[in-house]
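Worth knowing before you read on, the calculation uses all heavy atoms, side chains too, and leaves out hydrogens, waters and symmetry mates.
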Amino acid sequence: MDTTLQDRELSRSRRLVLGEILARNARREPDRVALVFEDSSLTFAQLDRRVNQLANALADRGVRRGDQVAVLMYNSIEVVESFFACQKLGACPVPVNFRLAPSELAYILEDSESVGVLTDGRLASLALDATAHLDAVRFVVTTGDVVDGSESYEEFLASGSPDAPDAEVSEEDLAFLMYTSGTTGRPKGAMLSHQNLVMNTVNWIIEMEARPGDVWLSGLPLFHIGGVNGVLPFIYLAGTSVITPSTSFDPLESLRLLERHQATMCYFVPTQWQQICSLPEAAEIDTSVLRRALWGASQAPPSTLELLVRTFPSVGIVNAFGQTEMSSNTCFLKADDAVRKMGSVGLPAVNVEVRIVDPDGNDVAVGEVGEIVYRGPTVMKGYFKKEEATAEAFRGGWFHSGDLVRQDDEGFIYVVDRVKDMIISGGENIYPAEVERAVERHPAVREVAVVGVPHPRWVETPVAVVVPEGEERPDPSEVLEFIRSDLASYKKPSAVVYVDELPRNASGKILKRNLRDDYVHLFEDES
């Protein structure tokens, strides 16, 4: 072998970058199953070979280090292949929510400066509509059925060499450009480096006590940071990731997948866990090897957590808390404390430094509410092309999360609310999450979201938007009387309205902006 080539390969092997981690396990554990989706699976050797082919095909199309490539797909093995193919080139994948409208997708493609799109045949028309007037997008490659204007994924991949691409990739290169959910306006691209993702992966493995050979199953979409960070620890450990469909959620099929693949660790959002644990079949499915059942992405009512603990009494229940800008995990409430500290998001993860501060950046006392801010190797590099937003987020040298929390005398952290969701009514601060906890105790309430809307006297006032447990819809006065002893009078909602379901984004978070828009005129007649 050429000495220069040997030196380059040796240099690459020293780097903690995602493509090299995959390649290393393809050499160490070539026959271990890496990914499973429906009836398909790939070993580490097969996955690495296909990733190399796709990476080289992208390079042949002119994709270079520093370029962005959008990935618009339903959950599949090809999503993971697309991520790693870009990363092996030093290019950056841009995972995109498949539920976006063409104009929303076009905004992200243009803002991210993506040079191409890797998509699903069922989404190809959406991709082509969005790229019709974007000259920077040079290709649209489609899995499954090909439509006019796109190319076949498998033919495109097959055109590339199976050899590792000869590309320099640094730990500081972007590994993902992850667009925030945009619940409070235009989404911003969080720039996550290879170092960010690798350190978060190491944190996750340590905190979760994951092992080589573990089998992971997740109910999250792979365009979501939580979906990505479910797969990466098991690529790192040479474990197996079972990918679930993202077009619909089937709680019974999820149970059956846990049994069929002998999953040792899994993750579902609270609404999914509620459906799974409510099934009679939950008592019959063999989950004897399951060690950890994780939940997160949104807060869970105590009734859901209690049901989860009862349904899986021998499984460690863990809450994983974090956000995209932190790559993502910042706190874990681990199994030993799951019941004792129910309602908490746990303790800060290893390698994540936290403070809880007031609006002036001063530390608050134990038990007082403040914003949680972070430092450490998992903090994003910033928002893509958003210098002012980046400077605002990193004021004082710490990343400001936007989460209002309090910390108890043992260091456990409790989320109170989002800074932007806090309601100021008649000069008093009201935390919607506190009101929601009181309302959801009513037996006729399945779910509730509290939002602030304009009010002629109080400037802003809380409104409780309720999904009833059944057909019964109690009179609002009954609900308000029920919570009277739990809340100060100024915190009580000025109205209770009923809906069939709450609007949510793909990660299960309630879209409170939509609710505020729906009820912005509720009190206009009182002015």
List the residues meeting side chain to side chain donor-acceptor pair (under 3.5 Å) with Asp129, not counting sequence neighbours, and say none if there are none. none
Hits for side chain to side chain donor-acceptor pair (under 3.5 Å) against Ser193, two or more places apart or cross-chain, chain-then-number order -> Asn196
CE/Met178 to SG/Cys92 distance, rounded to the nearest 0.5 angstrom? 10.0 Å
Any salt bridge between Glu168 and Arg65, counting N to O under 4.0 Å? no
Could you tell me whether Trp295 and Phe321 have their ring centroids closer than 6.0 angstrom? no
Determine whether Arg340 and Asp337 satisfy the following criterion, salt bridge (charged side-chain N to carboxylate O under 4.0 Å, His left out), listing intermediate values before the conclusion. CA-CA 5 Å; Arg340 185 175 72 92; Asp337 300 304; 3.0 Å; yes
Holding to salt bridge (charged side-chain N to carboxylate O under 4.0 Å, His left out), I want the full list of residues that pass it with Glu353, two or more places apart in sequence or in another chain. Arg375
Under a 3.5 Å distance rule, please check whether Glu259 uses its side chain to pair with a backbone N or O of Arg256 as donor and acceptor. no
Expected output: side-chain His400 to main-chain Gly402 donor-acceptor under 3.5 Å: no
Leu502 CG to Asn514 CG distance, which is reported to the nearest 0.5 Å: 11.0 Å
The criterion is side chain to side chain donor-acceptor pair (under 3.5 Å); which residues satisfy it with Thr131, sequence neighbours excluded? none
With sequence neighbours left out, which residue pairs that include part of residues 71-83 fulfil the salt bridge (charged side-chain N to carboxylate O under 4.0 Å, His left out) condition? Arg50-Glu81
Taking only Lys NZ, Arg NE, NH1 and NH2, and the carboxylate oxygens of Asp or Glu, determine whether Arg61 and Glu151 approach each other closer than 4.0 Å. yes
So Leu333 and Lys341, side-chain contact (heavy atoms from CB on, under 4.5 Å) or not? Walk me through it. CA-CA 8 Å; Leu333 180 65; Lys341 293 290 185 177; 3.9 Å; yes
Would you confirm whether the ring centroid of Phe83 sits within less than 6.0 angstrom of the ring centroid of Phe176? yes
Check Leu126 against Ala101 and note the closest heavy-atom contact, atom names and distance. CD1-C, 4.1 Å
Partner residues of Asn52 under the side chain to side chain donor-acceptor pair (under 3.5 Å) criterion, sequence neighbours left out: Lys88
Could you go through residues 308-316 and list every donor-acceptor pair under 3.5 Å that involves a side-chain atom there, pairing it with any protein atom two or more places apart or in another chain?
from, atom 1, to, atom 2, distance (Å)
Thr311, OG1, Leu307, O, 2.7

Is there any salt bridge (charged side-chain N to carboxylate O under 4.0 Å, His left out) pair reaching into residues 276-285, and which pairs are they, with sequence neighbours excluded? none
Any donor and acceptor pair, going by atom type alone, linking the side chain of Arg32 with main-chain N or O of Ala238 inside 3.5 Å? yes
Do Asp111 and Lys386 meet the salt-bridge criterion of a basic N to acidic O distance under 4.0 Å? yes
Run the salt bridge (charged side-chain N to carboxylate O under 4.0 Å, His left out) test against Arg260 and tell me which residues pass, sequence neighbours left out. Glu253
Checking the side chain of Ser161 only, and the main-chain atoms of Asp163 only, is there a donor and an acceptor separated by less than 3.5 Å? yes
Set of residues satisfying salt bridge (charged side-chain N to carboxylate O under 4.0 Å, His left out) with respect to Glu209, sequence neighbours excluded: Arg292
Salt bridge (charged side-chain N to carboxylate O under 4.0 Å, His left out) partners for Arg122, two or more places apart: Asp120
Sequence neighbours left out, what pairs pass salt bridge (charged side-chain N to carboxylate O under 4.0 Å, His left out) with at least one residue falling in residues 210-225? Asp214-Arg291
Any sub-3.5 Å donor-acceptor pair from Asn25's side-chain atoms to Ile235's backbone N or O? yes
Which heavy atom of Thr324 sits nearest a heavy atom of Ala190, and at what distance? CG2-CB, 4.0 Å
Would you say the side-chain atoms of Thr378 pair up with the backbone N or O of Met199, donor to acceptor, closer than 3.5 Å? no
